[in-house]
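Heads up: numbering here begins at 1 and tracks the sequence.
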Amino acid sequence: MLLGDNPDDYDKHFILTANIDLDPNLPEGKVFTNAVIAPGPPCLNIYTSIATASDPPEGRSSTGIPFTGVFDGNGYTISNLTITGGSYLGLFGYLGFGASIYNLGMEAVHVNGTGRSVGALAGCNYGGEITMSHSSGVVTGIGSVGGLVGYNWQGNITSSYSTSKVNGVRKVGGLVGCNRGSITTSYSIGTVTGDENVAGLVGENYESVTSCFWDMDASGQTISAGGEGKTTGEMQKAGTFLDAGWDFVDETENGTEDLWWILEGQSYPRLWWQYGRAFSPHPQDGALDVPLPLILSWSPGGSGLQHDIYFGEEEQAVANATTESTGIYCGRQAADMTSHDPCNLKLEKTYYWRIDEVN
């Protein structure tokens, strides 16, 4: 938030050193009305280099400074970002040439725009680089609405994915609403709904979409302006992505950087820095009116990992508990056991739970 208030720092380098929870219900929390960082369209003069392009980013004005620095997520997440506003919404409203965002997770976002260029990570990526990042939550807007990025204008998006639910009027995509740049080795699986140019991966596309996929079953969309649609079963097979040249752990034919890993037949590809973290909790974080009886469940964070389970009525107690915390620590389960019965729960109470993956 401080960075967002200091445009003079938009060309500098930053590294995330912890998870950040932007839940508006927390002390000093807030519902944002603009993007947190670089909230306005960039200055007119930075468009001179693309004067021959077919048309400029929608709704540009002569105010605002884009973020052109480096933001290294360092494998951490920013969760519960909540925005209710107009256009150019996301953690970043505008990324400019030179911007580089990587190793960042945006989780459980709620971004609701009444205008254009709306996404979880960036409203408009104008010439920036986004790589090895992901998003989840809900994104809504009018035009150029994407689960990760609303408008990708001469920008590059690589090795990233979105599970966000996306809804809009036109140019609506599970990953990107409108693409005039490059998208490679990325995917989306979230539900996508809208009226015009609505698609599983990219709503409207004018440039390059290479080796990208979307889940036709999960998204409810069988078409896209770019990418290749697959069934859920196909999306959970390593071969689908290896055949397209994706670089996975424990294979060398597609490279040795080991950018992705997957639990075959159990989940979708995950980024290398996500190994060792449980996924897809049920019930989801913040779920209300959960019916009884309840069985907790999750997806494992890697092959062969065991699961330490913590459960209680006090958030900090659960967060700080160790395996010696009687009454909160519920034991360690085998790798193939990804559910737990907490027993004897009461209605009208709030409970907290935590899963630690153990190698």
Salt-bridge contact Lys349-Glu313 (side-chain N to carboxylate O under 4.0 Å): yes
Close side-chain approach of His307 and Asp356, heavy atoms under 4.5 Å: no
Side-chain donor-acceptor pair present, Asp247, Asn254, cut-off under 3.5 Å: no
Neighbour count above 12 (heavy atom, 6.0 Å) for Glu264 CD: yes
Reference residue Asp215; test side-chain hydrogen bond (donor to acceptor under 3.5 Å, both in side chains); the match among Thr191, Thr232, Thr163: Thr232
Worked check of side-chain contact (heavy atoms from CB on, under 4.5 Å) between Leu345 and Tyr351: CA-CA 9 Å; Leu345 300 184; Tyr351 295 96; 3.8 Å; yes
Pair Thr210-Ser208, side-chain donor/acceptor within less than 3.5 Å: yes
Leu296-Phe279 co-clustered via ILVMFWY side chain contacts under 4.5 Å: no
Check: Lys30 and Pro24 side chains under 4.5 Å, non-hydrogen atoms: no
Short side-chain to backbone donor-acceptor contact, Thr240 and Ala238, under 3.5 Å: no
Single hit among Tyr126, Tyr151, Tyr94 for side-chain contact (heavy atoms from CB on, under 4.5 Å) with Ser117: Tyr151
Validation row, ring centre Tyr187 to ring centre Phe213 under 6.0 Å: no
Exceeds 12 heavy-atom contacts within 6.0 angstrom, atom CG of Asn6: yes
Derivation of the side-chain contact (heavy atoms from CB on, under 4.5 Å) call for Asp258 and Phe248: CA-CA 5 Å; Asp258 296 343; Phe248 273 63; over 6 Å; no
Side chains of Ser164 and Ser136, donor plus acceptor under 3.5 Å: no
Axial cation check for Tyr88 ring with Arg116, 6.0 Å and 45° limits: no
Whether Trp246 and Phe241 hold their rings parallel, tilted or perpendicular, with breakpoints at 30° and 60°: tilted
Salt-bridge contact Glu228-Lys230 (side-chain N to carboxylate O under 4.0 Å): yes
Lys171 with Glu204: basic N within carboxylate O range, under 4.0 Å: yes
Glu314 atom CD, neighbour heavy-atom count above 12 within 6.0 Å: no
Among Thr82, Thr140, Thr84, side-chain hydrogen bond (donor to acceptor under 3.5 Å, both in side chains) partner for Asn112: Thr140
Separation of Ser135 OG from Leu81 CG (nearest 0.5 Å): 11.0 Å
Nearest-0.5 Å distance, CD1 of residue Ile83 to CG of residue Leu22: 9.0 Å
Ring centre gap for His340 and Trp353 strictly below 6.0 Å: no
Any donor-acceptor N or O pair under 3.5 Å, side chains Asn167, Thr193: yes
Residue pair Thr231 / Asp217, side-chain donor-acceptor N/O under 3.5 Å: no
Heavy-atom side-chain proximity of Thr323 to Asp308 below 4.5 angstrom: yes
Check: Glu207/Asn179 side-chain N/O donor and acceptor closer than 3.5 Å: no
Ring centre gap for Tyr352 and Phe311 strictly below 6.0 Å: no
